[in-house]
Each structure stands twice: as structure tokens, then as C-alpha cells.
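A short worksheet on the structure shown next.
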There are 2 protein chains.
Amino acid sequence: MNKNPIGVFDSGIGGLTVLREITRLLPEENTIYLGDTARVPYGSKSKETVERYSFEVSSFLLKHGIKMLVAACNTASAFAVPRLNAELKIPVIGVIEPGARAAVEATRDNRIGVIGTEGTIKSSAYTVAIKRLNPAISTFVKACPLFVPLVEEGWSNDEVTELVAQRYLQEMKDSSVDTLVLGCTHYPLLKDIISRVMGGGVRLIDSAEATASEVKRILAASGMLNSRNEKVNHRFFVTDSPERFLSVGRRFFGENLSEAELAHLEG
Amino acid sequence: MNKNPIGVFDSGIGGLTVLREITRLLPEENTIYLGDTARVPYGSKSKETVERYSFEVSSFLLKHGIKMLVAACNTASAFAVPRLNAELKIPVIGVIEPGARAAVEATRDNRIGVIGTEGTIKSSAYTVAIKRLNPAISTFVKACPLFVPLVEEGWSNDEVTELVAQRYLQEMKDSSVDTLVLGCTHYPLLKDIISRVMGGGVRLIDSAEATASEVKRILAASGMLNSRNEKVNHRFFVTDSPERFLSVGRRFFGENLSEAELAHLEG
């Protein structure tokens, strides 16, 4: 039994979709979330920079006594989780392994597509993780840099976004994938449009649920679940002004997101 | 006579449009450019954060012996130039004052529109600068957050971008402005589309040229122009990987952009 919080971080607000699934599946757990909004986005930046930022963010969360660290950001998962896992003394998971596993379980024709930021796609992290689970699977990848700003603009159900999705996903349709990994935490907000463009037969894999299950499995296996029947605490930190985080973040997490504190990271 | 370089900074690559005008107008001048690509964009971030970043970037450039500092970024100009100007010992200019002056000279009906990032628009910096020059002028403002990612995606002449521009600029058209300030260094790459949407009668003001003239005026007035007939030197620094900066930056600066060095800022 361990009532210390689970630490969750993201470059900004997208990771709230992962946090939401964790709090749904594990309602007894305390959590602490950090959105690195002063340096968002990570998706267009290099491995070295994303790795450095992820370590700075993790140091902050470790000082708050977290029992486990979740990189709720695909780019950070791709670039930083291996080294975080090797160097930190607590369990560290990203969203890529759980998402890859869910996709491998879902595919019937062994044809999986992956969409994400430039960084995630360039890293080949999903392709590597999928091939490791089943080398017979063919993967098809596509970076979709405009999806994040479109979601942040609030145009998740908009003809402009549908037009952009048609452009980005045409090759993916031509490749006849039967499963598509939404390899960025913003993309679940585009599920309706992506599903319409890809066609109903294609399964969309959202890593958030799979990641929450993995968090539960690890905490249970190591006897670290919180079973105390106390009021749980969800703390939110950001590195830039909380106002924008709160207004946009509610689209990701719901109306319970009422307060965020400013975090000062050490470079 | 002073052959020290002119320092120019931006959150990323957009400021290259300003640097290009400076090097055209002042071909004898050495320059040093810093794009803060590890933390781009500034446009969606708070005043405090943008101000802090601008001071860190300026410290780096000051160590390279610059004789003048140009904030070639509208958001940094809006949020940080007043304090930079008060605290640094060299002349500091932003792009807002020159752009505002050019707009005031261009308008006939005293109706000026301003488009820019969220930060620039929220700051009201253009409105304040325009009203100071002529209080009788009416201003109309609109934040256009998707324009930057659309330019960076290379969709500067694309039906998607035209659709987005129609959406963003409809109110501006309804306001019957006769002059529109392109209040973000990325927007000159959208001149064709913006002009088509607004109609040929509306003058588009690009701060880059006006800023370059102001740089020349200040250097001339203070006897700091470089008149030596030596080979000039243009150095480029970025805070994240140079590769992306070079490939995207050529759309802004031309093929002469061949090398960029990695800068390590002190936080």
C-alpha cells in the first residue's frame, strides 16, 4: 500500500486525456500532473531537447514524492522513457508500449497505421515496439503536424479539420490498414473525423486506456496501489500561465480541472 | 563607424523575414541571428515567460558583441522590448513601432486591422502604438493561431489555408479596414492568400521592411553604420537542432542559409 501520488507529465495539455483514464480506472489514487506549457510543443523538437526537458520535469515531480512516473506524451515516450527508466528508481512508463500492444491485439490483417507528431514518427518508436511484439505486422506511418493546433483552436469538429484529415490520411487509406494508432494525446479529440475519413472498419487505438491499465498492473504487481478510503487529491502544475491551461484543458479533462499552480523547473 | 554585428532574434524561423530585409537594405553589415527553436512558439505563451526568454536570448547575443538588438518577433516585441530597451546599454528595437508607423502612413479611411498570434493580439501593443500616433484611427484585431503552423507545414498556397483565412478574416472584411498589419513574421508568406481574401484594395503592411529602415536610421544617426568594404559575416544560432531550422528557414531567407550553430542559453 502506498498513498504517494502517481506523477504524470506532458508537454502541455494533451496528457490530460491519459490522466483522465488513470483517474477513471484508479479512483483511489492521488495524482500530480505537470504540463510543460512554457516549452510546448515537444513534437517538433529534437531528441536531445525533449530528453533534457523530460528529465527536468521528472526532477520536479520526484521532489513531490511520486511513486511512479507516466510520460503521457508520445514524443517524450519515444525520446526519453528508455533513459528515464534506466536512471530513475521508480517505475516509469510511456504511452507507446501500451498503445503498440493494444494495436497488435486489435489488428486482423496485420496492417497497422500510426499517426503522430514529427518527433514521434521520426523516432520510429511505434514501429519498433509493434515489430518486437509481432515481426509479421506491416506498419504505415504519417506525421500530422496540423492536428494539434487544430484541436487547440477548438476546431475538433470542423470542415477545415476534415479537409486536413483527408489530406493526411489518404495514403493511410490506400495502404488498407485495419488498425490506426492515434499516436498523440491530442488525437482522441479528433476520433469522429478520423473515423469518418478512414471508414468505420478501421479500429482507432487510443493509448490512454491501455496506459491506464498498465499503470494499474504495475502498481498492483508491486503492492503499491492505494487502498485507503480517503479523499483523493489531484494536483496540477504548469510551467507557463495557468489561465490558458485551464480553459483549453477542460476540453481534455472535464470541468473538474479548476486550479493549476505555476512550477519553476531547474534547468 | 562600427563593424560589430547587428543582433536579431526570434522565437524560431519567422524573424528571418526581418533579417532578410536588413541585409538587403544594409549589405555592409555583419549580423548574428538567434532562433529560440527549443522553446518556439512564443505566440501562445504569457508575458512573463516571453520576457524571461527574451532576456536570456539577448544575453547570449550581447556576449557576441552586438551593437544593436532587433526583436524580430512580434510577440517578443510586444512583451519584452520596453524592458529590454530600458535595461540594455545598446539600442533595442522591435517590429511593432515600425509596423504601426507604416500602417498609419498607409491608411486613408483611418481604419486599420491587425492580425497576429494570441500573445501579440492580447498585448494590444499595435493598437496602443497606432493610437499614440493618431488617436482618430479605429483599429480592429484578430488572433490567427493556425497561420503559423500552416506556413511551417509548407501550405502557404493551399485551399486549406485559404479556407482558414476566410474564416479568420471575415470580421475584418466586415469592418471595412483599408489597411491590414501582418503582425507576425510568418504572415508575409501568406500575402497572396490574405490579399485574395481581403480584396485588392486593402494594403498589407509587413513590418520587416519598416523595421529594416528603422535599423538603418538609428545606426546612421548614432554613427554606427559599417562602411568597411570587407566580406560581411552572417552567423546563425538556434537552441534546438539546426536541421529543421535550415530546411524550413530557406523558405524565409533563401538558399544563402547554409549553416546554423547550436546555442546554449543560460537560464
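Letters go in sequence order (proteins before strands), and every chain restarts at 1.
For Y187(A), there are no side chain to side chain donor-acceptor pair (under 3.5 Å) partners, not counting sequence neighbours. With sequence neighbours excluded, the residues satisfying side chain to side chain contact (heavy atoms under 4.5 Å, CB included) with R235(B) are I32(B), H64(B), N233(B), F237(B), E261(B). Listed by chain and number, the residues in a salt bridge (Lys or Arg N to Asp or Glu O under 4.0 Å) with E87(B) are R83(B) (sequence neighbours excluded).
In this structure, chain A has heavy atoms under 4.5 Å from both the backbone and the side chain of V40(B). For chain B, no part of D36(A) is nearby; none of its heavy atoms comes within less than 4.5 Å. Using a 4.5 Å cut-off between heavy atoms, E118(A) touches chain B through its side chain atoms alone.
Taking 4.5 Å as the heavy-atom cut-off, the residues of residues 43-52 of chain A that approach chain B are S44(A), K45(A), S46(A), T49(A), ordered by number.
The residue among V164(B), V148(B), V160(B) with the most heavy atom pairs within less than 4.5 Å of chain A is V160(B). Of all the listed residues (L163(A), T37(A), L146(A)), the one sharing the greatest number of non-hydrogen pairs under 4.5 Å with chain B is L146(A).
One distance of note links CG of D240(A) with OH of Y53(B); it measures 7.0 Å at 0.5 Å rounding.
Other residues, nucleotides and ligands place more than 12 heavy atoms under 6.0 Å from the CD atom of Q166(B).
Contact check on E159(A) versus R167(B) returns a salt bridge, with a Lys/Arg side-chain nitrogen under 4.0 Å from an Asp/Glu carboxylate oxygen.
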